[in-house]
Structure formats: C-alpha cells, structure tokens
Amino acid sequence: MKKSNDKKRILNNSLLITIATIFDKIFFLFISILIARYLSKELYGEYTTALGHAHFFAILANLGLNSSSVRAMSVDQKFRNIHFTNSLILRTILTVFFFSFMLLSITWSNYNNNVIYLLIIFGFVRFGNEFMNGYYAYYDSKEKFLTSTIFTSSYSSLFLITTIIIILLKGNYFHFALSRLVIIGILFITIVFYTKRFFSFNYSKSKLKDLVKNTIPFSIQTMSFNFFNRFNIILIANFDSSVSTGIFQNGFIFFLTLSFIPDSFMRILLPYLYKRSFNADKQKFQFTFDLFSKFFAIMSFYITTVFLLYAEKIITLIFTDKYSESVLIINILALGIPFLFNVSRIIMLALNHHFANMKIFIIAVIANIILNLTLIKKFSTTGAAVAVVITYFIIFIAGHIFLKVKGYIKVTRALIEFFVLGAISAICYLTGIHYMTNIHWILSLSIISVLFIVSVIIIFIRKNDIRIFKEALGRK
C-alpha cells in the first residue's frame, strides 16, 4: 500500500511540476518569440547579449545552493530552519560578490552603451530571481511544490502580459527589461513576507560550514551548466556580433526550454530518493532508473526526430524567415537532446556521489571551454551548437559508466532501449525525407508521429508498464 502511495505522490507532484513548468516555458518561449519578431535583428541581438551575460553571472551566485540546500533540508528535517537561514546568508554573500564581478566584466567587453545599460538592469532581475530560488528550495524540501509553482507561474504570466502591453504601446527593449525588474521586485517582497509567517531565522556556524562543504560538488555542476548554456552567447557576441547571438539564441532556446523536463523530474525524485537508503532498498533505485530511462529516451528521440525533419517549418512559422539561419542550429542541437534527458545524473546525486558527479562535470566543462573557444572562433554559431552536443554526450556516457562500474545500477537494458529508440528515430527520419517531401508538413508530422508511437508501443510497452501506471493513478 505504501509503495502505491509513493508512486501516486510522485506522479501527482510530477504532474504539478511538469504542467506548471510547461506553462512557464511556453510563456517564456512565447515572450521570446514576440520580442524577436518585434525587434530588428540588430536590437534583438543586443537584447539577448545583455540578458545572456547577466544570466551567466547570476547563475554563479547560486553556485549549487539550490541542490545542496534541498538535500540538507530534506535529509536533516529537524534543522530545516537552520539550513534555510545558512543558505540565505551564503546567497547574500555570493550575490554581492558576483554582481560586482559582473560589473567589472563589462570593462572587458566591446559592448555599446545601450547593451551595458540593459545588462545592468537584467543583472538586478536575474540576481533577484536566483535569490528567490532559495525560497523555492525551502518549499521543495517540504514537498510543497504548489507554493513555488504559484510564484514562478505568476512571474511568467505577468511578464507575458507586460510584454504584450509594451509591444502594443510601441515601447523599446529597455521597457521589456524594466518591466521584468518591477515584477521580480514585487514577487520577491511577497515571498519574503509570506515565508516569515512560519519561518524564523536560526543560524548555526557548524552547519554553515557543512553546507559550504556539501555545496562544493553542486557548485561545480551549476557552474558547468552555466558554461554549457551561457558562455557560448558571450563568446559569439565578442568573436562575431550581437546579430549572430540572436540567431544562435533562437535555435538554442528550444534546447534550453526542453531541459525543464529532466529538471522537473529531478526536483521531484531527489527529495523522495534522499529519504531512502540504497542498501535497504536497492530495487527502488533500479526501478527508478529503468522507468525514467525508458520514458526519457522515448520522449527525447521523438523530439529529436521532429526537430530534424521540421526545423525549417518551426523557425519560419515562429520567428519568420528573417531568422532562417537558426534552422541549422536546431538541426545540430537536436542530436544532443537524447543526452540532455539523462537519468544517471539524478541517480548519482540521490546516491550522494556528488564528488564523482563533480569530477564528471569538471571534465565536461574543460572540454566545453576548449570546444567553444576553438569552434566559435572558426565556425561561429554552428561551432557553438556542436560544442553543446559533444558536452552533453560526455556527461551522459560518463554517468552511465560510473553507475555500471560501481555496481549500483544495471545499465545494459537501458542502453539497449536507447539504441533501439535511436534506430526507430532514424527510420522515421529517413521515411520523412524520402517519402514525405511532397505532402503538407502537418500531415507528414502526423504520419511520422503515428509511426514512432506505434513502433514504441509494439517494442517497449509491456503489461508491467501498464500496471505501474495504474498504481500511480491509484487504480488496481
């Protein structure tokens, strides 16, 4: 009975987080589309350059505190208030340091004055947003995902509304930035006062030291993802131009948006698995790995197939043909989507192998920096896209090798399913380019989708999968 309740709770939380995150990501994607279509290529490039630069340094102020504080508050629930207080103290110190460093970095760039002013505004927005993530971590550790969901959804909704108003009133990109600043300010004040109703600051020097120590492996991971996802934008802007930054961003935004899927499930699974002992419940970890490896592989290879076949239609429909150069970016990044949906990283963190995970990310970030510096300088935006794919491939392979070699998880079955799904994706792609070119792309997409889904059902879906799904729904 308890296992069924666990599955049901995980499903309910997963649905809440996934639906809310889809809602937020769609809104932000729509906002990016509106702004890209509204601004000229030059102004949109300046906008994305400033936002990307600010985001790069704001993420450094997080430095893994989201993950480490969720772990500390989930495992050591008796001292949750102390851990939360300590995380806020660290965030304050890191925010002041990295905001100052961001301002200093402006002197090393070749940005014009408008980009610099825009960057400073976005700096306040992004650093404020990262500070709010500390409060979201507090509620996540208590598995009260609804509270953090309300705030994140309010932010995306309000920004979409103000974006539409600014466009109707024919405003400029400073108005977009200032509207975000006002919204984040109001929400930040609200969540602080809301949380104070049942939280009291309680500092502990010894536990602060423990938090700093335990944050180190998470900080490497956070900084690594920051390099993977934002360093390329800064390099493109300085090696090439802000226009190229906008072109890359319009393709890269789909890849970044998709990352919410594995991230959402990680938010759900980590607090749940942290409370379990691997030695006492090995099968639960194996079950989680097998189930989500299959689920992630099915979803990611389908998305890859769609992007490879219909990237041109997607870009033209969404951004108009003035951003047709972004098509190649999507085609390249599509090859990295199956590696983005990585369950091994979740299991490694749940098993408290944070330092092993840290080593993987150190290797990946070194490779990423070398690839970006080499490929962007020579191939600009396409080089940046290739660097992303190779980087996520390294993380994916290294994580699975670690779990296999250490004997924690049997990965053979999952990898076989991965390659079979890759073959299904390849067959669908070849079918599309050889037999679907003379029919309308919507009809072609429908046929390819049916072919993919039917193949998956025939090869992968078993009675046990149906039973698990029914249990999660609370049905016998």
Side-chain angles (χ1 to χ4, degrees), residues 55-57 59-68 71 98 212-236 239 252 255-256 258-259 262-263 266 270 289 292-293 296-297 300 332-379 382-412 414-415 418-419 422:
H55 188 89
F56 178 81
F57 284 93
I59 292 295
L60 294 178
N62 172 355
L63 215 59
L65 273 173
N66 288 349
S67 299
S68 62
R71 177 183 178 276
F98 282 108
V212 172
K213 179 182 177 182
N214 293 329
T215 298
I216 292 173
F218 291 105
S219 66
I220 297 297
Q221 178 177 307
T222 300
M223 287 191 293
S224 299
F225 275 118
N226 199 26
F227 272 97
F228 304 159
N229 299 334
R230 296 295 169 183
F231 188 54
N232 44 26
I233 291 175
I234 296 174
L235 289 181
I236 292 170
F239 283 164
F252 195 37
F255 189 86
L256 292 178
L258 288 171
S259 67
D263 289 348
M266 185 166 68
L270 283 182
F289 178 82
F292 283 94
S293 289
F296 279 7
S300 63
I332 296 171
L333 291 172
L335 300 175
I337 293 172
F339 308 124
L340 174 67
F341 284 59
N342 184 7
V343 183
S344 67
R345 184 168 67 93
I346 299 175
I347 299 298
M348 286 181 66
L349 294 176
L351 291 170
N352 290 318
H353 279 292
H354 308 293
F355 282 96
N357 191 63
M358 179 185 72
K359 291 176 182 177
I360 291 173
F361 274 84
I362 289 174
I363 294 170
V365 78
I366 292 172
N368 182 261
I369 292 173
I370 294 172
L371 288 167
N372 274 323
L373 289 172
T374 304
L375 297 177
I376 291 176
K377 197 167 186 179
K378 190 171 184 179
F379 302 105
T382 54
V386 171
V388 170
V389 174
I390 295 175
T391 301
Y392 279 93
F393 171 77
I394 292 171
I395 297 169
F396 182 89
I397 292 297
H400 283 76
I401 290 174
F402 176 85
L403 294 176
K404 172 67 175 177
V405 171
K406 294 295 183 180
Y408 290 111
I409 299 292
K410 297 176 182 178
V411 303
T412 304
L415 290 177
F418 185 88
F419 285 115

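Every heavy atom of this structure was used, including side-chain atoms; hydrogens, water molecules and symmetry mates were not.
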Roughly how far, to the nearest 0.5 Å, is [atom2] of [Y] from [atom1] of [X]?
X: Phe341; Y: Leu258; atom1: CZ; atom2: CG; answer: 5.5 Å
X: Asn357; Y: Leu351; atom1: CG; atom2: CG; answer: 11.0 Å
X: Ile376; Y: Thr382; atom1: CD1; atom2: OG1; answer: 9.5 Å
X: Ser293; Y: Ile409; atom1: OG; atom2: CD1; answer: 9.0 Å
X: Ile370; Y: Ile390; atom1: CD1; atom2: CD1; answer: 11.5 Å
X: Leu340; Y: Phe255; atom1: CG; atom2: CZ; answer: 4.5 Å

Worksheet item: Which pairs, with at least one residue in residues 215-232 and sequence neighbours excluded, count as a salt bridge (charged side-chain N to carboxylate O under 4.0 Å, His left out)?
Response: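 Non-adjacent pairs meeting salt bridge (charged side-chain N to carboxylate O under 4.0 Å, His left out): zero.
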Worksheet item: Do Ile347 and Tyr408 come close enough that some side-chain heavy atom pair is under 4.5 Å?
Response: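 No; the side chains remain at least 4.5 Å from each other.
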Worksheet item: Does the side chain of Asn342 come within less than 4.5 Å of Phe296's, by heavy atoms?
Response: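 No - every pair of side-chain heavy atoms lies 4.5 Å or more apart.
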Worksheet item: Between the side chain of Thr374 and the main-chain N/O of Leu371, is any donor-acceptor distance below 3.5 Å?
Response: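 Answer holds: no.
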Worksheet entry | Non-hydrogen atoms of Arg345 and Phe361 that approach each other most closely |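 The answer is CD-CZ, 3.4 Å.
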Practice prompt. Determine, stepwise, if the pair Ile360 / Met348 fulfils side chain to side chain contact (heavy atoms under 4.5 Å, CB included).
Written response: CA-CA 11 Å; Ile360 291 173; Met348 286 181 66; 3.8 Å; yes
Worksheet item: Yes or no on side chain to side chain contact (heavy atoms under 4.5 Å, CB included) for Val411 and Phe289, after CA distance, side-chain angles and deciding distance?
Response: CA-CA 8 Å; Val411 303; Phe289 178 82; 3.8 Å; yes
Worksheet item: Are the aromatic ring centres of Phe393 and Phe339 under 6.0 angstrom apart?
Response: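 So the answer is yes for these two rings.
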Below 3.5 Å, can you tabulate the donor-acceptor pairs from side chains in residues 396-405 to any protein atom, sequence neighbours excluded?
| residue | atom | partner | partner atom | Å |
| --- | --- | --- | --- | --- |
| His400 | ND1 | Phe396 | O | 2.8 |

Practice prompt. Using side-chain hydrogen bond (donor to acceptor under 3.5 Å, both in side chains) as the criterion, list what pairs up with Asn372, not counting sequence neighbours.
Written response: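 Scan of Asn372 (side-chain hydrogen bond (donor to acceptor under 3.5 Å, both in side chains), adjacent residues dropped) gives Asn368.
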